[in-house]
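Below: one structure, written as structure tokens.
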Amino acid sequence: MHCIVSRFILKLLVASFLVAFAQLSSAYALEPVGVSRDDTAIDLKPAADIYYGQGRSFQVTTVPGADGIVRRIEVEAKSAQASGDWAVFALANNTDEQLDRLVVASHFRLVDSGILSPDLGSQRIASITPSQGFALERQASTDADVFLVTLDPGSVVTFVAELTSSRLPELRLWEPNAYKDTVNAFTLYRGIVLGIAGLLAVFLTILFVVKGSAMFPAAAALAWAVLAYICIDFDFWQKLVPLQPGQETIWRAGTEVALAFTLAVFLFAYLNLNRWHRALSISLLIWLAMLAGLGALAVFEPIVASGIARLSLAATAGIGLALIAGFSFQGFDRAVMLVPTWCLIILWLAASWMTVTGQIDNDIIQPALGGGLVLIVLLIGFTVMQHAFAGGTFAQGLLSDMERRSLALAGAGDAVFDWDVSRDRIFTGAEDDVLSGMPIAAMNGPARDWLPILHPDDRDRFKLTFDTILEHRRGRIDQEFRVCDEDGHYHWMSLRARPVLGSDGEVVRCVGTLKDVTGRKKAEERLLHDALHDQLTGLPNRELFNDRMEAIGILAASRPDVRPTLFVIDIDRFKQVNDDFGLAVGDTILLTVGRRLKRIINPQDSLARLGSDQFGLILISKTEVAAVAEFAEELREAIKAPISLAGREIVLTGSIGLSGWAEGAMAEDVLKEAELAMYQAKRFGGDRIEPFRPAYKTIGSGRLQLESDLRRAFERSELSLAFQPIVHLDNEKVAGFEALLRWEHPKRGAISPAEFVPIAESTGLIVPLGQFALEEAAKRLSDLHRATSAEKLFMSVNISSRQLIRQDLIADVKAALERYKLPPATLKLELTESMVMDNPERSAQLLSRLKDLGVGLSLDDFGTGYSSLAYLMRFPFDTLKVDQSFLRNDNRPQRPIILHSIVTMAHDLGLKVVAEGAESETDIVQLRQLNCEYAQSFAFSPPLSFEMAKRLLVDRSASLKRAS
């Protein structure tokens with residue numbers, strides 16, 4: 001038993017030692033703040049230790065004194081409602097004379113006070129007890145806790161402060177005279193600001209009494225709210241009405257709520273939002289009601305009320321900025337005049353936010369923000385004064401019915417229009433049926449009730465006209481707008497009125513006449529329509545069509561997604577119809593054709609009659625090549641449909657020319673191109689669709705002869721293929737061939753593909769040419785495989801755009817592979833960038849299906865077309881052919897850099913590279929250094945006939961066998 005007691009006593013001694021050591025360590029961690037005679041103000045808060053929840057009795061170890069002795073003191077709370085929170089700091093007099101200093105803890109400090117749960121101020125320190133001597137003497141002050149402390153020469157004193165608040169925003173040690181000078185300086189500034197704020201509030205109140213507009217009481221209320229706020233903030237209110245402890249937070253929260261409330265009221269009243277914006281008015285009234293309730297909440301929960309009020313101020317500033325910006329763009333003068341004031345409010349709120357969040361921390365910012373509020377009110381006063389002292393001196397008063405009709409006659413109208421601005425009531429009426437069918441109930445009432453019955457296109461103009469009259473207090477209304485009657489039909493009304501000013505210069509009435517001018521407007525519209533439309537078909541005429549082309553051309557130049565196509569349609573042999581059946585039948589046929597064409601176009605497209613039997617069409621709704629081709633075929637079929645007339649069926653055909661809208665093209669040039677294409681369709685016999693080709697501008701008899709010869713070239717076996725080798729760069733062995741189309745004319749000899757391919761494309765012969773090249777290339781590749789046993793040898797064949805949009809291309813490729821027993825990978829189809837980009841979506845689908853067959857896909861002439869890397873990743877190409885322009889030795893330093901970039905990019909995308917146009921050994925060496933796989937140029941071999949290509953492969957094969 002004795003052993004157990006001994007152990008218990010030992011543990012208790014150890015624990016006591018550890019506690020004493022911990023307290024001693026914490027005490028020694030407290031560094032004394034040195035005080036000298038030259039120090040005017042020292043911030044003690046960083047050097048003070050705060051202890052929370054320690055109870056009414058607090059023990060602390062002092063800082064070692066001048067003699068080096070550490071003491072332990074116990075302090076009892078002197079406040080009846082002690083919080084249990086304590087602050088400890090130490091001061092050291094480093095001089096050889098006695099020093100008097102003031103310990104100051106401000107009741108309220110805006111800096112770092114917070115937003116949602118702000119610190120609204122309170123008493124901070126109940127008492128301060130030194131480690132030696134008597135408790136510090138409290139000095140008289142209404143806005144801070146001030147204690148006088150006397151430090152003996154060379155003394156080191158520890159002070160224990162009993163806190164009455166859990167927050168201690170500021171704790172400073174002041175030299176008494178310096179503190180007095182600082183307080184006096186701020187007192188002078190605060191007095192000046194208070195005086196200006198009071199004068200502004202009184203002046204705006206007098207202005208409110210003199211003027212009856214709602215903006216003046218709203219401005220006066222905001223001025224009084226600002227005055228109340230700075231009275232509390234500048235500690236002026238406490239001097240007039242002594243406050244009990246805890247009441248300061250209620251008053252401060254109340255003034256912040258008043259600021260938020262009056263600022264929202266001023267915005268609502270000044271912009272006159274209740275005139276046109278019912279929904280906005282209701283929303284703002286609900287908001288104001290909530291702020292009014294917030295004022296009651298400030299009595300019970302001032303911190304919560306203040307936080308919501310601060311958020312409301314920011315919301316009011318943001319919403320106000322949006323409203324002012326929107327109304328300013330609409331030309332509302334009041335909004336424009338409020339822009340400088342509101343910018344200052346935004347700046348003030350930004351500075352306030354930085355202050356309450358602690359980003360700005362100095363003694364000047366709090367009184368400066370108070371002065372900024374007064375400056376805002378001063379600017380608001382100048383703004384509303386412009387309305388107070390403008391206008392004339394007409395008498396205000398109610399007008400009799402006879403006087404009202406007299407003013408209406410002066411406005412020269414039928415129905416009376418009278419708007420009582422002060423009561424916001426409109427009166428309309430007439431003795432006869434001038435306004436019969438009109439919604440009189442909606443027309444007699446507040447001005448905003450007119451908005452629902454006005455045509456949507458006329459509402460903004462209607463509001464702007466009335467707002468302008470009220471703002472400028474002069475002018476005359478002469479406006480036409482559409483009003484919906486009780487049956488839902490719109491009537492054109494003409495309003496002619498003038499403002500009547502009161503003695504204060506404000507518009508008190510707007511009186512005039514209202515007249516139904518629907519008949520006149522319809523007559524004007526008919527005249528305008530007849531001037532711009534064909535009287536037979538009702539379609540736009542050439543003049544209106546040209547105007548629409550100009551507008552669409554401007555739109556196409558600014559928007560890449562707008563790619564219009566222009567059609568010119570001519571009825572074949574229509575003169576014969578007129579000769580056989582007469583002009584009346586011809587007009588009936590034209591009317592029928594016009595209606596058929598109009599039925600197949602979309603609303604965004606435009607159809608016009610350009611001449612006797614000629615129509616123009618601007619197609620916007622379809623931009624894809626396949627869709628445009630399908631639409632053109634639909635046009636042709638619509639014209640060919642039989643027309644039943646007097647027991648007969650008349651079948652017509654049409655020649656259709658079309659032209660795309662190139663970038664920067666003029667509307668008249670596009671129309672000429674479409675007309676050239678249409679005339680070309682007529683040359684080919686009519687009943688056909690002809691796209692424009694540049695060659696049409698220089699077309700002649702020689703071209704027609706060449707076209708005729710090309711049609712017979714198939715029958716006469718004048719077409720053949722030449723084969724240019726594609727070699728491996730690492731060993732210069734032949735890896736494959738590119739099949740090139742050749743035409744040997746019986747009279748003209750060899751004709752360049754650059755000459756006959758455009759003719760083939762314009763006449764549709766390119767499709768059979770492409771089929772011939774594909775079939776012949778597959779056949780020759782099969783022969784080469786059997787002759788050399790080189791089954792990896794491939795053949796590249798060029799594909800035209802016409803082939804690419806045909807569904808038969810996949811079937812043709814599949815048939816060629818099966819017929820000649822070729823491995824799919826040995827057949828490569830070459831397509832150019834421009835061809836793929838003509839219809840990227842269609843191309844992506846078709847190329848994916850070709851890739852599924854296993855054939856190779858090569859992108860030819862890379863770098864000369866669109867070079868869209870995004871689409872390059874979408875298309876399943878396996879080979880990239882670099883255009884020969886990048887290999888020409890023109891000594892430009894950019895050439896090798898671009899070539900290197902292209903090859904590197906292709907390899908990163910998993911593509912093999914074929915370089916065209918290598919001219920010298922230097923080019924070949926450079927390509928090898930870039931790890932380019934293949935090359936194709938005259939440096940290795942020119943295009944060969946089939947027999948020469950076969951002999952080349954056989955000879956090389958034999959050489960390899962002999963070498964092995």
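Computed from a predicted structure; not experimentally measured.
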request  = Start with the C-alpha distance between His491 and Asp485, add both sets of side-chain angles, then the distance that settles side chain to side chain donor-acceptor pair (under 3.5 Å), and finish with yes or no.
outcome  = CA-CA 7 Å; His491 289 246; Asp485 64 12; 2.9 Å; yes

Atom NZ of Lys682: over 12 foreign heavy atoms under 6.0 Å = yes

message = Ignoring hydrogens, what is the shortest heavy-atom contact between Ala773 and Leu741? Give both atom names and the distance.
response = CB-CD1, 4.4 Å

task = Let me see the working for Leu617 and Leu635 under side chain to side chain contact (heavy atoms under 4.5 Å, CB included), right down to the final yes or no.
result = CA-CA 10 Å; Leu617 192 152; Leu635 285 177; 4.2 Å; yes

Atom CD of Glu637 with >12 non-hydrogen neighbours under 6.0 angstrom = yes

task = Taking the side chain as every heavy atom from C-beta outward, state whether Glu668 and Asn546 have any pair of such atoms under 4.5 Å apart.
result = no

key: For the student: nearest non-hydrogen atoms of Pro691 and Ala677, plus distance   = C-CB, 3.9 Å

ask   = Measuring from Thr537:OG1 to Asp587:CG, what's the distance to the nearest 0.5 Å?
value = 10.0 Å

ask   = Of all heavy-atom pairs between Ile643 and Ile589, which one has the smallest distance, and what is that distance?
value = CD1-CG2, 3.9 Å

inquiry  = Checking the side chain of Asp458 only, and the main-chain atoms of Arg461 only, is there a donor and an acceptor separated by less than 3.5 Å?
reply    = no

remark   = By side chain to side chain contact (heavy atoms under 4.5 Å, CB included), Glu634 pairs with (sequence neighbours left out) Ile600, Phe631

task = Measure the CG-OG distance between Leu566 and Ser659 for me, rounded to the nearest 0.5 Å.
result = 6.5 Å

ask   = Please walk me through it: do Gln771 and Asp812 pass side chain to side chain contact (heavy atoms under 4.5 Å, CB included)?
value = CA-CA 8 Å; Gln771 291 174 332; Asp812 293 343; 3.4 Å; yes

task = Using atom types as modelled and distance alone, determine if a side-chain donor or acceptor of Thr904 lies under 3.5 Å from a backbone N or O of Ser901.
result = no

ask   = Checking side chain to side chain contact (heavy atoms under 4.5 Å, CB included) for the pair Leu850/Ile810: CA distance, chi angles, key distance, verdict?
value = CA-CA 7 Å; Leu850 288 171; Ile810 297 175; 4.0 Å; yes

key: Sub-4.5 Å side-chain heavy-atom contact between Phe481 and Leu495   = yes

task = Quick one: list whatever passes side chain to side chain contact (heavy atoms under 4.5 Å, CB included) with Asn798, sequence neighbours left out.
result = Glu738, Leu740, Glu830, Asp860

key: Heavy-atom check, side chain of Trp661 versus side chain of Thr565, under 4.5 Å   = no

message = Between Arg849 and Asp852, does any NZ, NE, NH1 or NH2 come within less than 4.0 Å of an OD or OE carboxylate oxygen?
response = no

ask   = Roughly how far, to the nearest 0.5 Å, is CD1 of Ile639 from OG of Ser655?
value = 8.5 Å

remark   = When every non-hydrogen atom of Phe567 is compared with those of Leu658, the smallest separation belongs to CE2-CD2, 3.6 Å

ask   = How many angstroms lie between CZ in Arg563 and CD in Glu624, if you round to the nearest 0.5 Å?
value = 6.0 Å

query = Given Met678 and Gln614, is the side chain to side chain contact (heavy atoms under 4.5 Å, CB included) satisfied, shown in steps?
reply = CA-CA 10 Å; Met678 181 270 294; Gln614 195 174 102; 3.5 Å; yes

task = Indicate yes or no: does Glu633 engage Arg636 in a salt bridge with an N to O separation below 4.0 Å.
result = yes

task = Please report the shortest heavy-atom distance between Thr879 and Leu911, naming the atom on each side.
result = N-CD2, 4.4 Å

note = Sorted by chain and number, sequence neighbours left out, salt bridge (Lys or Arg N to Asp or Glu O under 4.0 Å) with Asp547 holds for none

ask   = Of all heavy-atom pairs between Phe545 and Ala608, which one has the smallest distance, and what is that distance?
value = CD1-CB, 3.3 Å

key: Check: His745 and Asp709 side chains under 4.5 Å, non-hydrogen atoms   = yes

ask   = Going by the salt bridge (charged side-chain N to carboxylate O under 4.0 Å, His left out) test, which pairs reach into residues 593-610, not counting sequence neighbours?
value = Asp534-Arg609

message = Measuring from atom CG of Leu607 to atom CD1 of Ile618, what distance do you get when rounded to the nearest 0.5 angstrom?
response = 10.0 Å

ask   = Pick one: which of Ile656, Asp613, Leu610 meets side-chain contact (heavy atoms from CB on, under 4.5 Å) with Ile569?
value = Ile656

ask   = Going by the salt bridge (charged side-chain N to carboxylate O under 4.0 Å, His left out) test, which pairs reach into residues 763-772, not counting sequence neighbours?
value = none

key: Sub-4.5 Å side-chain heavy-atom contact between Leu847 and Phe877   = yes

ask   = Quick one: NZ on Lys515 to CZ on Arg496, what's the gap to the nearest 0.5 Å?
value = 8.5 Å

task = Using atom types as modelled and distance alone, determine if a side-chain donor or acceptor of Ser858 lies under 3.5 Å from a backbone N or O of Leu829.
result = no

ask   = Any side-chain heavy atom of Phe692 within less than 4.5 Å of one from Leu676?
value = yes

ask   = Without hydrogens or angle criteria, can the side chains of Asn602 and Ser621 be said to hold a donor-acceptor pair below 3.5 Å?
value = yes

task = Not counting sequence neighbours, which residues clear salt bridge (Lys or Arg N to Asp or Glu O under 4.0 Å) with Asp561? List them please.
result = Arg559

query = Quick one: are Leu652 and Asp572 in side-chain contact, heavy atoms under 4.5 Å?
reply = no

ask   = If we only count heavy atoms from C-beta on, is the Cys484 to Arg482 side-chain gap below 4.5 Å?
value = no

